[in-house]
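These notes are about the structure you will find just below.
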Number of protein chains: 2
Amino acid sequence: METSNYHHGDLRRAIIDAALEVISESGPAAVSLRDLARRAGVSHAAPAHHFGDKAGLLTAVATQGFGLLGDVLQRAAGQPEGYLAVGVAYVGFAVEHRAHFEVMFRPELYHADDPELLEAQASTSRILYEGAAPYAQDGGTQTQDAALAAWSLVHGFASLWLSGNLPADLPDDPRDAARRVARVLFPHTAGDIA
Amino acid sequence: METSNYHHGDLRRAIIDAALEVISESGPAAVSLRDLARRAGVSHAAPAHHFGDKAGLLTAVATQGFGLLGDVLQRAAGQPEGYLAVGVAYVGFAVEHRAHFEVMFRPELYHADDPELLEAQASTSRILYEGAAPYAQDGGTQTQDAALAAWSLVHGFASLWLSGNLPADLPDDPRDAARRVARVLFPHTAGDIA
DNA sequence: TATTTATCTTGACACTGACTAGATTACTCG
DNA sequence: CGAGTAATCTAGTCAGTGTCAAGATAAATA
């Protein structure tokens, strides 16, 4: 840290962390490779060596994000509340890892065909789909429709929350607000299924 | 059009239209005032005179978008399908006016405190809220929760559709896909209420 | 017609992402 | 241990960007 300045040691991680900080404060559009380099105390072209590209950096952010989201959802799936907990966790992730979330669903910002990213993406959406199965039989709705409805609902709620378009008289904790709204979709959910 | 080059005549509209074209193809991040000026056959600083700012241009786009969305939803609210039609129309708007939609819910891109914009915003969300009232009584859910659930669902579905995160085996027409998914939320909707 | 106003141009500045060539350090393998 | 290779970072450059200031031109007004 205080010895040679040439080899940073952990520049890749440092750049990603700095990027997350910038995105949290000002959105993905405010990310500048040169600024991140400055924050890490390296030359302006150093980040490009690790990510190739500005889009490459955001690809790394998105991949990390899908991995994190997968972990969060997996953990929630084992809770007594069942699928409702997954939905609430989805919103919780969006708010707590806002920077990741804001990049993940903006494919024009990164290299959407990156293999690592595709794998992380597929792995997390699998959790969404599998969890919805038990709730689909009643009412005659297809499993896929139920999963899509649930995903759409929590994704939309999270997006609207982050963009500040929701009314101000909601619960302070977005998880509580999300739980109330998600119950409209699955009113018969109290922990008795799954 | 072929006479004097100095006064364009309708530059403001020309710039907005060009911006919408660019956004449709490459997203809001790809918008460059200088490029828009080039497309309109005008000097590089001309757009700034009409919008003050790049954010000012996007403010105009967002305001126009909220106005359009309001019209679309208002029209749908009068249809026999009732609130379901409103939800489907919301998704239809997002797909047909993709450029507007992608700017509208990204407040960091524009001047979110612009009075005109705030008015258009409030006016359209009012339609969303009023339409939900008839569907809230049964099941004991609050009116607000029902409205938020519906809005979240269609907004999330539209966002996921636009970002290409939905499975490939859905109906080609996003309206049909949206209708199927929205029915999960209001299964007892066939045109008999409202 | 004279003057005021809106519109547009020109030129400049600091900033950005990307590319190149080169310097420095770490790693590997004899 | 030491030479050679690879990884990492620097320095310089280029075209392109948003924004600002000052001036030119045309339209509207009175």
Side-chain angles (χ1 to χ4, degrees), chain A residues 1-23 25-62 103 106-112 114, chain B residues 1-23 25-62 103 106-112 114:
Chain A
M1 201 66 83
E2 28 179 313
T3 56
S4 84
N5 256 354
Y6 220 102
H7 277 52
H8 178 283
D10 205 8
L11 182 59
R12 191 186 157 90
R13 174 179 303 266
I15 295 290
I16 291 181
D17 289 349
L20 290 171
E21 198 180 324
V22 172
I23 298 170
E25 290 170 0
S26 322
V31 171
S32 144
L33 291 182
R34 294 175 106 106
D35 176 47
L36 301 181
R38 250 172 265 132
R39 290 171 185 242
V42 296
S43 86
H44 67 261
H49 179 262
H50 287 272
F51 304 100
D53 216 331
K54 184 176 181 180
L57 163 61
L58 296 178
T59 305
V61 169
V103 173
R106 219 156 292 178
E108 75 275 12
L109 294 181
Y110 53 81
H111 297 132
D114 181 272
Chain B
M1 200 68 79
E2 29 178 312
T3 57
S4 85
N5 256 355
Y6 221 102
H7 277 51
H8 178 283
D10 205 7
L11 184 57
R12 189 186 158 91
R13 173 178 303 266
I15 295 290
I16 291 181
D17 289 349
L20 290 171
E21 198 180 324
V22 171
I23 298 170
E25 289 170 1
S26 322
V31 171
S32 145
L33 291 183
R34 294 174 105 106
D35 175 47
L36 300 181
R38 248 173 268 130
R39 290 172 184 243
V42 104
S43 87
H44 67 260
H49 179 261
H50 287 272
F51 304 101
D53 216 333
K54 184 177 181 178
L57 163 61
L58 296 178
T59 305
V61 169
V103 173
R106 220 156 290 179
E108 74 274 13
L109 294 181
Y110 54 80
H111 296 132
D114 181 272

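We name chains A, B, ... by the order of the sequence lines, and we start the count at 1 in each one.
Listed pair B:Arg34 / C:dT10 fails the phosphate criterion, with no side-chain N or O lying under 4.0 Å from OP1 or OP2. For the pair B:Ser43 and C:dT10, the criterion of a side-chain N or O lying under 4.0 Å from OP1 or OP2 is not met. The phosphate of D:dG16 (OP1 or OP2) has no side-chain N or O of B:Ser32 nearer than 4.0 angstrom.
If you take CG on A:Leu58 and CG on A:Asp114, they are separated by 12.0 Å, rounding to the nearest 0.5 Å. Once rounded to the nearest 0.5 Å, the distance linking CD of A:Glu25 with CG of A:Leu20 reads 11.5 Å. Taken from NE2 in B:His50 to CG in B:Leu11, the straight-line distance is 4.0 Å, to the nearest 0.5 Å.
In this structure, B:Arg38 places its CZ atom 18 Å from P of C:dC8, rounding to the nearest Å. Separating the NE2 atom of B:His49 from the P atom of D:dT19 is a distance of 15 Å, rounded to the nearest angstrom. Between the CG atom of B:Asp35 and the P atom of D:dG18 there is a distance of 9 Å, rounded to whole Å. For the pair A:Leu36 CG and C:dA18 C1', the computed distance is 15 Å after rounding to whole Å. The nearest whole Å value for the distance from the NE2 atom in B:His44 to the C1' atom in C:dA12 is 9 Å. Going from atom CG of A:Leu11 over to atom P of D:dT10 covers 8 Å, rounded to whole Å. C:dC8 atom P lies 10 Å from atom CZ of B:Phe51, rounded to whole Å. As rounded to whole Å, 10 Å separates atom P of D:dG18 from atom CG of B:Leu57.
Side chain of A:Ala46, nearest nucleotide from C:dC8, D:dC9, C:dC19: D:dC9. In the set D:dT10, C:dG17, D:dG18, the nucleotide with an atom closest to the side chain of B:Lys54 is D:dG18.
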Worked verdict on B:Leu57 versus B:Leu36 for side chain to side chain contact (heavy atoms under 4.5 Å, CB included): CA-CA 11 Å; B:Leu57 163 61; B:Leu36 300 181; 3.5 Å; yes

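At a threshold of 4.0 angstrom between heavy atoms, the contacts of B:Ala45 include nucleobase atoms, whether or not backbone atoms are also involved.
The shortest side-chain heavy-atom distance between B:Arg106 and B:Val103 does not fall under the 4.5 Å cut-off.
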